[in-house]
Amino acid sequence: MIEETNLLLSVPTGLLQISEGLTPSVNTGSKGILLSLVIPTYKERDNIENVIKILTQMLDESIPGDYELIVVDDDSPDRTWEVAQSLIAEYPQLQVMRRQQERGLSSAVIRGWQVARGHILGVIDGDLQHPPEVLMQLLSAIEQGADLAVASRHVDGGGVSSWSVVRRFLSRGAQVLGLIVLPGVLGRVSDPMSGYFMVRRACVAGATLNPIGYKILLEVIGRGKVREIAEVGYVFCERTEGESKVTWKQYVDYLHHLLRLRLSTGILHGFPIGRFLRFGLVGLSGVFVDMTVLYLLSDDSTLHLPLTRSKIIAGEIAIFNNFLWNDAWTFADVSMQQQEWRQRLKRFLKFNIICLAGLVLNVLLLNLVYNFLISNRYIANLIAIAIATIWNFWVNLKLSWRVTEVK
Ligand code: GDD
Ligand code: MN
């Protein structure tokens, strides 16, 4: 017979919406506390007791009685929920939810937030890979005015313990893709993949969240009303028990999630038309420079150098010309914040690589349009240049001249 105190939380159903008001506590009936920390678990039987113990020790010291821990387990085959449930008697601030109809890290966190009583909603992994001591820094960032405080691996003090090159590449690659598809969301933080953060309830209350997969932070930034963001560096630790549940499915879910958020936040949402026009004008100056240098190097009446060599030199000089104008004019507001010569050199190299990729795209599109759509090479070239210019603009905006809004 399970005593009254060890009851599992009932699982919310319907829309993934967090209420403005605070849910009275199942155990004490009291309203409102400072922090509700959700711990999503799947097959964490060997970790969960340690996690609860360490979190309790730390939070009892700093905010005794003003927090709750909510384990949300997706009916783990190793019965993690049952181990957590057996701890409730010893840890009164612990509550446990066992989901049997739904699965998924992101929706688990939201279901936990739906039954939470805290003014601040947080999430931490249930495998001790997110160092608990960072919690207090996140909490103080919120109390100092931030709406969202993210534990980031990509700021000073951040890092990953010993991820394989493949995992690092996949994680960074996913971030770059997200910056291109959904810059208004991923561009606001340095570690959009983080699963370790706190957010003011008021910033996510009322929004109908619709996440898929692992990236709950994208949903909070994409659909919440988050103004100020703070970041705290942390080192993602090695697991001691169990293993990561990240598979290819999470990467597919991630793409699906990006596109869903992109469509729901509007295709041209925040497209900087003015900046794009300046970029186009600079591009025109580059065409002029390219043509002039090509003439001076390869024409019969000038140096008469071989055409390909002349074109490569002309193209590179045009790219340099475009970089100078874009850095000083098109993106001046951004480059002013990053004046160091190393930063400027890094921007030039990124710009160069992106423009060379743009050149390849241009040539491919020219052939595609000319051979399959329009047999006039000049119209086909214009279409190819227009598409390559949008590519050059968008990717440079998101990767070369990018500043996160973190204070
Ligand atoms: N309820 C529930 N349902 N929990 C889940 C599920 C699920 O389907 N899948 C994973 N979890 C829990 C795990 O038990 C663990 O506590 C946490 O979510 C993270 O899962 P891992 O499988 O350990 O992910 P990871 O360590 O590779 O990556 C984590 O850290 C990254 C950096 O913060 C995840 O949180 C990533 O989202 C995050 O980017
Ligand atoms: Mn993990």
Side-chain angles (χ1 to χ4, degrees), residues 8-9 11-12 16 37-52 54-55 69-81 83-84 96-114 122-132 134-135 138 149-155 158-164 166-168 170-175 178 186 189-198 211-220 231-251 253-254 257:
L8 290 173
L9 285 166
V11 183
L16 291 166
L37 189 61
V38 168
I39 306 161
T41 57
Y42 189 69
K43 296 197 281 189
E44 299 300 350
R45 180 183 188 86
D46 300 329
N47 279 318
I48 193 59
E49 178 159 7
N50 215 1
V51 169
I52 300 298
I54 294 170
L55 289 176
L69 302 176
I70 303 173
V71 168
V72 181
D73 184 69
D74 283 358
D75 209 18
S76 299
D78 69 1
R79 302 175 77 84
T80 304
W81 54 273
V83 175
V96 181
M97 187 187 293
R98 173 192 184 187
R99 296 200 306 172
Q100 292 170 288
Q101 312 309 328
E102 285 178 336
R103 263 225 54 191
L105 168 52
S106 293
S107 63
V109 174
I110 296 166
R111 290 301 184 201
W113 286 347
Q114 282 183 305
V123 52
I124 187 170
D125 283 357
D127 55 15
L128 286 171
Q129 289 194 278
H130 291 162
V134 169
L135 276 176
L138 294 175
V150 182
S152 168
R153 294 160 292 178
H154 307 318
V155 291
V160 288
S161 53
S162 56
W163 266 11
S164 67
V166 172
R167 179 85 197 254
R168 287 173 197 262
L170 284 172
S171 179
R172 279 301 195 165
Q175 185 174 353
L186 284 90
V189 287
S190 64
D191 187 0
M193 305 301 167
S194 177
Y196 188 12
F197 60 88
M198 286 182 193
I212 178 171
Y214 262 43
K215 305 306 168 193
I216 173 70
L217 182 58
L218 301 189
E219 206 58 19
V220 166
E231 289 190 334
V232 176
Y234 85 99
V235 177
F236 188 73
C237 310
E238 247 325 277
R239 257 181 183 269
T240 49
E241 302 289 348
E243 73 288 322
S244 167
K245 283 81 187 175
V246 170
T247 61
W248 281 105
K249 182 180 174 315
Q250 272 67 41
Y251 287 97
D253 284 346
Y254 169 69
H257 192 189

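Whatever order the structure lists ligands and atoms in, that order sets their numbers, starting from 1.
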Using non-hydrogen atoms of the residue, decide whether [X] is closer than 4.0 angstrom to ligand 1.
X	answer
His130	yes
Arg239	yes
Phe197	no
Gln250	no
Arg167	yes

Please report the closest heavy-atom contact between Arg45 and Val83, naming both atoms and the distance. NH1-CG2, 3.5 Å
Tell me the protein heavy atom at minimum distance from [atom], and give that distance in Å.
atom	answer
atom 26 (O) of ligand 1	Gln129 OE1, 2.9 Å
atom 38 (C) of ligand 1	Met193 O, 3.3 Å
atom 22 (O) of ligand 1	Lys245 N, 2.5 Å
atom 18 (O) of ligand 1	Leu105 CD1, 3.4 Å
atom 29 (C) of ligand 1	Asp125 OD2, 3.1 Å
atom 8 (O) of ligand 1	Arg103 NH2, 3.0 Å
atom 27 (O) of ligand 1	Ser244 OG, 2.7 Å
atom 14 (O) of ligand 1	Glu44 OE2, 2.7 Å

Enumerate the atoms of ligand 1 whose separation from the nearest heavy atom of [X] is less than 4.0 angstrom.
X	value
Arg153	32 (C)
Tyr234	32 (C), 33 (O)
Val246	22 (O), 24 (O), 27 (O)

Report yes if some N/O of Glu243 lies less than 3.5 Å from some N/O of ligand 1; otherwise report no.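 Glu243 vs ligand 1: no N/O contact under 3.5 Å.
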Say whether Glu231 and Ser190, considering side chains only, have a donor N or O and an acceptor N or O under 3.5 Å apart. yes
Return the option from [options] holding the heavy atom at the smallest distance from [atom].
atom	options	answer
atom 4 (N) of ligand 1	Ile216, Thr41, Asp191	Thr41
atom 12 (C) of ligand 1	Ala108, Ser76, Pro40	Pro40
atom 5 (C) of ligand 1	Tyr214, Tyr42, Phe236, Tyr196	Tyr42

Between Asp74 and Glu102, does the side-chain contact (heavy atoms from CB on, under 4.5 Å) criterion hold? Intermediate values first, please. CA-CA 7 Å; Asp74 283 358; Glu102 285 178 336; 6.0 Å; no
Report the residue from Leu9, Leu8, Ile52 that forms a side-chain contact (heavy atoms from CB on, under 4.5 Å) with Val71. Ile52
Between Asp191 and Tyr196, is a side-chain contact (heavy atoms from CB on, under 4.5 Å) present by the stated rule, with each step listed? CA-CA 10 Å; Asp191 187 0; Tyr196 188 12; over 6 Å; no
Full working for side-chain contact (heavy atoms from CB on, under 4.5 Å) between Arg99 and Ser107: CA-CA 10 Å; Arg99 296 200 306 172; Ser107 63; 3.0 Å; yes
If you look at Asp127, which of its N/O/S atoms is nearest to the Mn ion (ligand 2)? OD2
Would you sort out whether Leu186 and Met193 count as a side-chain contact (heavy atoms from CB on, under 4.5 Å), showing the intermediate values? CA-CA 9 Å; Leu186 284 90; Met193 305 301 167; 4.1 Å; yes
Would one find an N, O or S atom of Ser244, in either backbone or side chain, under 2.8 Å from the Mn ion (ligand 2)?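 Checking the Mn ion (ligand 2) against Ser244, no N, O or S atom falls under 2.8 Å.
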Does the Thr247 side chain pair with the main chain of Lys249, one donor and one acceptor, at a distance under 3.5 Å? yes
Does any N or O in the side chain of Ser194 come within less than 3.5 Å of the main-chain N or O of Ala151, such that one atom is a donor and the other an acceptor? yes
Ring geometry between Trp248 and Tyr251 (parallel below 30°, tilted from 30 to 60°, perpendicular above 60°): tilted
Got Pro192 and Leu218 here, is their nearest side-chain heavy-atom distance under 4.5 Å?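 A side-chain contact exists here, since the closest heavy-atom pair is under 4.5 Å.
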